[in-house]
Amino acid sequence: MKRLVFLGPPGAGKGTQANKLSERYGLLQISTGDILREAVQQATPLGVQAQRYISSGTLVPDEIVIGLIGERLKKTSDQSNAGYILDGFPRTVPQAEALDKMLQNERVSLDKVLSFSLGETELIRRLSGRRSCPSCHRIYHTEFNPPRKAGVCDRCQVALVMREDDKPETVRERFKVYHRQTEPLLDYYRKKGLLIEVNAGGSMEEVMKRVLQTIGDLPVVSKV
Ligand code: AMP
């Protein structure tokens, strides 16, 4: 069972690669961003709390996301034997420390932490064309990864949406937050010998090849 963390700035392709790995190899994609956005959509108490952070491009407080992941990880062993990818968590050192404790309690450990890197101009190009399915969370790009029918999810036939926090002002804030609060995690995981840097440039398939080289072979469960 693989336990992976995907790190990287907004737009680097963490979610896209996690989508693919989950579809092809049955790895569970655990995205705190998706969980939070769904809570916002449903206006649950968590969603109401999270909304203002998400729309301003800042981080939801640690205790909230740590609680959320704690609950989610408890359920994972029943859901996938292949393992999971934490996509967008941890994003701060306290979150990483809390994750370590949770894993220690279960007497398990992370296999690898992949850090996706890409220059800012390319990140912005990816974010401005990103569209996602509000129902299944599959990610598209108007130019690089368009759906079969413009604006509609291939799988759910639901209209795709652009994320509110992908607008330029919010993207700038998200980059700042990434450098200030999340980048220190690279050192945190490098010191533990878990960090692998992945060049996130090029096509989805090219990046996928690099990802598979780093995490090793996985049995295919579905060809997508
Ligand atoms: P993402 O979909 O990963 O880009 O996350 C979208 C937004 O959700 C972020 O800009 C944060 O406001 C919030 N968020 C997602 N994951 C976390 C996390 N691990 N810690 C704090 N806030 C988070």
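For ligands, and for the atoms within them, numbers begin at 1 and follow the listed sequence.
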Side chain, backbone, both or neither: the part of L59 lying under 4.0 Å from ligand 1 by heavy atom: both

Check: R130 side chain, G11 main-chain N or O, donor-acceptor pair, under 3.5 Å: no

Proximity flag K14 to ligand 1, non-hydrogen atoms under 4.0 Å: no

4.0 Å heavy-atom contact, T58 with ligand 1: yes

Side chains of M204 and F144 in contact at under 4.5 Å (non-hydrogen atoms): no

Non-hydrogen side-chain atoms of L86 and I69 separated by less than 4.5 Å: yes

Donor + acceptor pair across side chains of H137, E38 (<3.5 Å): yes

Side-chain donor-acceptor pair present, D62, T92, cut-off under 3.5 Å: yes

Numbering the atoms of ligand 1 from 1, which are under 4.0 Å from a heavy atom of [X]?
{"X": "Q95", "answer": "18 (C), 19 (N), 20 (N), 21 (C)"}
{"X": "R174", "answer": "4 (O)"}
{"X": "L36", "answer": "8 (O), 13 (C), 14 (N), 15 (C), 23 (C)"}
{"X": "T32", "answer": "15 (C), 16 (N), 17 (C), 19 (N)"}

Qualifying residue for side-chain contact (heavy atoms from CB on, under 4.5 Å) with S115, from L185, V198, L195: L195

From the candidates L68, I54, D34, T92, the one that places a heavy atom nearest atom 7 (C) of ligand 1: I54

Heavy-atom nearest neighbour of atom 18 (C) of ligand 1 within options R163, H137, Q51, R91: R91

Report yes if [X] has an N/O atom closer than 3.5 Å to an N/O atom of ligand 1; otherwise report no.
{"X": "S31", "value": "no"}
{"X": "V60", "value": "yes"}
{"X": "R37", "value": "yes"}

Test side-chain hydrogen bond (donor to acceptor under 3.5 Å, both in side chains) applied to D100 and Y188, step by step: CA-CA 11 Å; D100 282 346; Y188 181 91; 2.4 Å; yes

Heavy-atom closest contact (P90 atom, V5 atom, distance): CD-CG1, 3.9 Å

